[in-house]
Student: 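Sharing a structure with you now.
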Amino acid sequence: MITIRKVRLENFRSYDGDNNEMEISDLTALVGKNDAGKSTWLEALSIFFNPTGVCKPEANDLNIYSESGTFGIAVSFDLEDSQIVIDTANVVDAKEEYLLDSKGFVDNKEKFLLQ
């Protein structure tokens, strides 16, 4: 089983910079007042997993204070075992391939360049 353990946003909507991180546990709830940014986290995940789906990366997703012209969405995954199937013929060990971060998670970051 693969489990999401962390989501990070970089210059995405109201979250400026790259120090915006949410740890995900077995039970995680998003609670806050209206316009606090709860939907932003969920829409970021939607863009990460399906950038051509309902939520698409758009120019107004970039934080207005960003000077880079890009925003990033990163998701860290916890693998039940470190074997990853690359394609039908190749299986690699994430630990042996140095794909794990210091917590033992696979970290995947997508950058979106907006023009």
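Heavy atoms only: backbone and side chains are in, while hydrogens, waters and symmetry mates are out.
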Student: Check salt bridge (Lys or Arg N to Asp or Glu O under 4.0 Å) between K103 and all other residues, then give those that pass, not counting sequence neighbours.
Tutor: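 For K103 the salt bridge (Lys or Arg N to Asp or Glu O under 4.0 Å) partners, ignoring immediate neighbours, are E23.
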Student: The criterion is salt bridge (Lys or Arg N to Asp or Glu O under 4.0 Å); which residues satisfy it with D78, sequence neighbours excluded?
Tutor: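 For D78 the salt bridge (Lys or Arg N to Asp or Glu O under 4.0 Å) partners, ignoring immediate neighbours, are R5.
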Student: With sequence neighbours excluded, tell me which residues meet salt bridge (Lys or Arg N to Asp or Glu O under 4.0 Å) with R8.
Tutor: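 D107.
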Student: Side-chain contact test, heavy atoms from C-beta onward, threshold under 4.5 Å: evaluate it for L62 versus N11 and give yes or no.
Tutor: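 Counting from C-beta outward, L62 and N11 do come under 4.5 Å.
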Student: Is there a continuous path of hydrophobic side-chain contacts, each under 4.5 Å between heavy atoms, that joins Y65 to L113?
Tutor: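 No, it is not one cluster - the side chains of Y65 and L113 are not joined through contacts under 4.5 Å.
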Student: Go through S25 and T28 one step at a time and tell me if the side-chain contact (heavy atoms from CB on, under 4.5 Å) criterion holds.
Tutor: CA-CA 6 Å; S25 65; T28 300; 3.5 Å; yes
Student: With the side chain counted from C-beta on, respond yes when S76 and D101 share a heavy-atom pair under 4.5 Å apart, and no when they do not.
Tutor: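 The answer is yes, as the side chains (C-beta and beyond) meet within the 4.5 Å cut-off.
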Student: Report the distance from atom OG1 of T40 to atom CG of L45, rounding to the nearest 0.5 Å.
Tutor: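 Interatomic distance, T40 OG1 to L45 CG, rounded to 0.5 Å: 11.0 Å.
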Student: Does K6 form a side-chain contact (heavy atoms from CB on, under 4.5 Å) with E21? I'd like the steps, not just the answer.
Tutor: CA-CA 7 Å; K6 183 170 43 175; E21 186 172 288; 3.2 Å; yes
Student: Does the side chain of S66 come within less than 4.5 Å of D16's, by heavy atoms?
Tutor: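 No. Closest side-chain heavy atoms not under 4.5 Å.
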Student: Under a 4.5 Å cut-off applied to non-hydrogen side-chain atoms, are F112 and I47 in contact?
Tutor: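 Contact flag for F112/I47 side chains = yes.
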Student: Do L79 and V106 come close enough that some side-chain heavy atom pair is under 4.5 Å?
Tutor: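 Contact flag for L79/V106 side chains = yes.
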Student: Of all residues at least two apart in sequence or in a different chain, which pass the side-chain hydrogen bond (donor to acceptor under 3.5 Å, both in side chains) check with K109?
Tutor: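 By the side-chain hydrogen bond (donor to acceptor under 3.5 Å, both in side chains) rule, K109 matches E10.
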Student: When rounded to the nearest 0.5 angstrom, what is the spacing between CG in L9 and CG in N63?
Tutor: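 Between L9 CG and N63 CG, I get 10.5 Å after rounding to 0.5 Å.
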Student: Suppose we screen for salt bridge (Lys or Arg N to Asp or Glu O under 4.0 Å). Which residues come up paired with E67, at least two apart in sequence or across chains?
Tutor: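 None.
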Student: Report, as yes or no, whether the 6.0 Å neighbourhood of atom CG on N19 holds more than 12 heavy atoms from other residues, nucleotides or ligands.
Tutor: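 Count not over threshold, so no.
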Student: Just verifying a value: how many Å separate L30 CG and S39 OG, rounded to the nearest 0.5 Å?
Tutor: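 Interatomic distance, L30 CG to S39 OG, rounded to 0.5 Å: 8.5 Å.
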Student: Write out all pairs satisfying ring pair (Phe, Tyr, Trp, His ring centres under 6.0 Å) with one or both partners inside residues 11-61, taking only residues at least two apart or from two chains.
Tutor: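 Ring pair (Phe, Tyr, Trp, His ring centres under 6.0 Å) check on residues 11-61 returns F12-F71, Y15-W41.
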Student: For a quick test of reading the model, state the closest non-hydrogen atom pair linking N108 to E110 and the distance between them.
Tutor: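 The pair with the smallest heavy-atom distance is OD1-OE2, 3.7 Å.
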Student: Within the side chain of K111, is there an N or O that forms a donor-acceptor pair under 3.5 Å with the backbone of I73?
Tutor: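 No, the answer is negative, given that no donor and acceptor are paired below the 3.5 Å cut-off.
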Student: If you measure from OG on S46 to NZ on K56, what distance do you get to the nearest 0.5 Å?
Tutor: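 Here the rounded value is 9.5 Å.
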